[in-house]
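All chains are named by letter (A, B, ...) in the order of the sequence lines, taking the proteins before the strands, and each is independently numbered beginning at 1.
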Number of protein chains: 2
Amino acid sequence: MSEHPVNTVLLHEMGFRVTAQRRTVLEVIAASPGHLTAEQVYERARKVNPHISLATVYRTLNVLTEAGLIKQRHISPDHARSHFETAEAQDHFHFRCLNCGRVVEFRNDAAVRLFVDGLRGVPGVGRILDICTCVEGYCEACAPQAATR
Amino acid sequence: MSEHPVNTVLLHEMGFRVTAQRRTVLEVIAASPGHLTAEQVYERARKVNPHISLATVYRTLNVLTEAGLIKQRHISPDHARSHFETAEAQDHFHFRCLNCGRVVEFRNDAAVRLFVDGLRGVPGVGRILDICTCVEGYCEACAPQAATR
DNA sequence: TTCCTTGCAAAGTATTTGCAAGATT
DNA sequence: AATCTTGCAAATACTTTGCAAGGAA
């Protein structure tokens, strides 16, 4: 994992100190496709640096989010817990089946563009940084049974 | 508030028992424009029926959501806590300023339609029941300062 | 040397649950 | 009468925080 050089320059430029823990957390997220929960980041980070604590992971996730190096996501299956991914990750959305919990990822750049364009006309809206869309319903397998309910 | 007759028939038809507490919670939500947190529902409900408990409010919110009488929302300002509104409420979305916390509500039916249409082509997706979109960025007032950061 | 960051444990917030008593069908 | 609901308090899940020790600048 240490073969993945991560961008700590930005962190430094923003006045944050570059510590081993912060580097590790950033490495873990950069090396993982998709998104991780704080707990998952913690599990993977402690394999690299066993002395990292969960509290530090949480604090680091907040710092990295502030610095714009990672993005915090709220994915439909469980809104209670946050998920994190690199800021460079391409936008994707989640459809979740209310019956079986299955999650399908999808993209829809045209709709996003329409959303963003529409927002430009809304008074009070300045710069748009992130859009999070969660769709809920029934998957193909569950839709038939769900209809009876 | 009791002048608002609420639809308990659906509840009954689905095999749920119609209790004073459930009627109260439904009335509270139906009488409130916008969305309420569980805590807010609790506060308003106990003014009507002082013996209702917070646990019952939570259980009732889940029942009513299952029954399709209300909708659960996860709104950007605090994803940690759920918000509820009547199922009839028209879809609207939230833009939140990351700097000052200001929230702007907006609608974009065309974009939603495009989203839904796009989802029809995605394998695994059956019936779509709900879409929740949260947008984050900087409001007009905060955008200039934020640019320097 | 200054002051930011960490680890630990404790606290906080939102929500769920076990169980006995009570209400609905 | 049978079964679902409620209230209470305790439990759970995720995240934050106070404080003293440690580390980056």
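- Here A:Arg22 lies in heavy-atom contact (under 4.0 Å) with sugar-phosphate atoms only.
- In this structure, the ring of B:Tyr58 has its center no less than 6.0 angstrom from the ring center of B:Tyr42.
- Among the nucleotides C:dT2, D:dT17, D:dT15, the one closest to the side chain of A:Leu54 is D:dT15.
- If you run side chain to side chain donor-acceptor pair (under 3.5 Å) between A:Arg73 and each of A:Glu85, A:His92, A:His35, A:His94, only A:Glu85 comes through.
- Spacing between atom CD1 of B:Ile52 and atom C1' of D:dT6 amounts to 9 Å, rounded to whole angstrom units.
- Distance A:His83 NE2 to D:dT15 C1': 14 Å, rounded to the nearest Å.
- Along DNA chain D, the nucleotide nearest B:Arg59 and the nucleotide nearest A:Ala38 are compared for position; the residue whose nucleotide lies closer to the 5' end is B:Arg59.
- Atom C1' of nucleotide D:dT12 and atom CZ of A:Arg81 are separated by 12 Å, given to the nearest angstrom.
- The distance from atom NE2 of B:His51 to atom P of C:dA23 is 11 Å, rounded to the nearest whole Å.
- In this structure, of C:dA9, D:dT6, D:dA24, it is D:dT6 that holds the atom nearest to the side chain of B:Thr19.
- What separates CG of B:Asn49 from C1' of C:dG22 is a distance of 14 Å, to the nearest Å.
- The A:Arg17 side chain lies nearest to C:dC3 when the options are C:dC3, C:dA14, D:dT16.
- When the side chains of ILVMFWY residues are joined at heavy-atom separations under 4.5 Å, either directly or via intervening members, B:Leu119 and A:Val112 end up in a single hydrophobic cluster.
- Going from atom OH of A:Tyr58 over to atom P of C:dA11 covers 19 Å, rounded to whole Å.
- Here A:Ser82 reaches the OP1 or OP2 of D:dT15: one of its side-chain N or O atoms lies under 4.0 Å away.
- Nearest heavy-atom pair, B:Leu54 versus B:Ala38, reported as atom, atom and distance to 0.1 Å: CD1-O, 4.4 Å.
- Residue A:Gln21 is in sugar-phosphate contact alone, with no base atom involved, counting any heavy-atom pair closer than 4.0 Å across all strands shown.
- Among D:dT16, C:dC8, C:dC4, the nucleotide with an atom closest to any side-chain atom of A:Ser53 is C:dC8.
- Nucleotides of DNA chain C nearest to A:Thr56 and B:Ala20 differ in position, and the one nearer the 5' end is that of A:Thr56.
- Heavy-atom distances to DNA chain C give each of B:Gln72 and B:Val18 a nearest nucleotide, and the one nearer the 5′ end belongs to B:Gln72.
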message: Determine whether B:Glu140 and A:Val125 satisfy the following criterion, side-chain contact (heavy atoms from CB on, under 4.5 Å), listing intermediate values before the conclusion.
response: CA-CA 5 Å; B:Glu140 276 171 330; A:Val125 176; over 6 Å; no
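- Between the OH atom of B:Tyr42 and the C1' atom of C:dT16 there is a distance of 16 Å, rounded to whole Å.
- Atom pair B:Leu61:CG and C:dT16:C1' shows a separation of 13 Å (rounding to whole Å applied).
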